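All heavy atoms count here, side chains included; hydrogens, waters and symmetry mates do not. Quick caveat, the model's predicted, so the values are computed rather than measured.
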Amino acid sequence: MAYKVVVTKDAEESLENFIKYLIDEKKNIQAAENVLNDYDATIESLKHVAGSLKLCDNPKLHQLEYRRINFLNHRYFMLYRIVNQVVFVDNIFHELQDYENKIY
């Protein structure tokens with residue numbers, strides 16, 4: 001089954017901030033392109049595996065029915081939820097971020 005994936009404005013803004021950081025601060029356009037390609041590949045994967053990934057372990061995130069998918073090749077991940085066969089990517093984080101306190 002293929003899910004429809006909707007990326008929220010918050011998630012888009014997070015991705016934009018990561019890309020801006022790589023380009024403006026790190027001066028690494030290739031790294032930014034690689035992250036964008038990995039993002040696209042992760043979205044494609046999410047369309048097929050969203051329902052098979054477990055709910056988050058954090059009790060609050062679990063209660064809100066959030067799941068997590070890691071980018072395939074980078075240290076970023078998406079928090080998402082499934083509503084009526086539609087996947088909503090609510091935010092994107094770097095694995096070193098304190099995401100559990102930012103999502104709610």
Legend entry - Stepwise side chain to side chain contact (heavy atoms under 4.5 Å, CB included) check, Ile92 with Phe18: CA-CA 9 Å; Ile92 300 171; Phe18 293 131; 4.0 Å; yes

Inset, instruction - Apply side chain to side chain contact (heavy atoms under 4.5 Å, CB included) to Tyr80 and Ile69, showing your working. - result: CA-CA 8 Å; Tyr80 70 93; Ile69 186 170; 4.1 Å; yes

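Counting Ile, Leu, Val, Met, Phe, Trp and Tyr side chains that sit under 4.5 Å apart, directly or through other members, Leu96 stands alone, with no cluster partners.
Every residue meeting the salt bridge (charged side-chain N to carboxylate O under 4.0 Å, His left out) condition with Lys47, not counting sequence neighbours, appears here in chain and number order: Glu44. Residues forming a ring pair (Phe, Tyr, Trp, His ring centres under 6.0 Å) with Phe77 (at least two apart in sequence, or on another chain): Phe93, Tyr99. Applying the side chain to side chain donor-acceptor pair (under 3.5 Å) test to Asn84 and every residue at least two apart in sequence or in another chain returns nothing. Remark: His94 engages Tyr76 in a ring pair (Phe, Tyr, Trp, His ring centres under 6.0 Å) (not counting sequence neighbours). Here Ala32 pairs with Ile19, Leu22, Ile23 under the side-chain contact (heavy atoms from CB on, under 4.5 Å) rule; sequence neighbours left out. The side-chain contact (heavy atoms from CB on, under 4.5 Å) check on Val6 picks up Lys4, Val86, Phe88, with sequence neighbours excluded. Remark: Asn37 engages no residue in a side chain to side chain donor-acceptor pair (under 3.5 Å) (not counting sequence neighbours). When the side-chain contact (heavy atoms from CB on, under 4.5 Å) test is applied to Glu33, the partners found at least two apart in sequence or on another chain are Ile29, Gln30.
Rounded to the nearest 0.5 Å, atoms CG (Leu79) and SG (Cys56) are 5.0 Å apart. Rounded to the nearest 0.5 angstrom, Leu46 CG and His48 NE2 are separated by 9.5 Å. A distance of 13.0 Å separates CG of Leu72 from OH of Tyr39, quoted to the nearest 0.5 Å.
For the side-chain hydrogen bond (donor to acceptor under 3.5 Å, both in side chains) condition, the pairs that include at least one residue of residues 5-17, sequence neighbours left out, are Ser14-Asn91. Counting only residues at least two apart or on different chains, the salt bridge (charged side-chain N to carboxylate O under 4.0 Å, His left out) pairs with a member in residues 64-89 are Arg75-Glu95, Arg81-Asp90. The list of salt bridge (charged side-chain N to carboxylate O under 4.0 Å, His left out) pairs with a residue in residues 20-32, not counting sequence neighbours, is empty.
In terms of modelled atom types and a separation under 3.5 Å, the side chain of Asp38 and the main chain of Phe71 share no donor-acceptor contact. Counting only distance, with no hydrogens or angles, the side chain of His62 and the backbone of Asp57 share no donor-acceptor pair below 3.5 Å. Remark: the backbone N or O of Ala41 is not paired with any side-chain donor or acceptor of Ser45 at under 3.5 angstrom.
With hydrophobic clusters built from ILVMFWY side chains whose heavy atoms lie under 4.5 angstrom apart, Val87 does not share a cluster with Leu55.
At a threshold of 4.5 Å between non-hydrogen side-chain atoms, the residues Asn70 and Thr42 do not count as touching.
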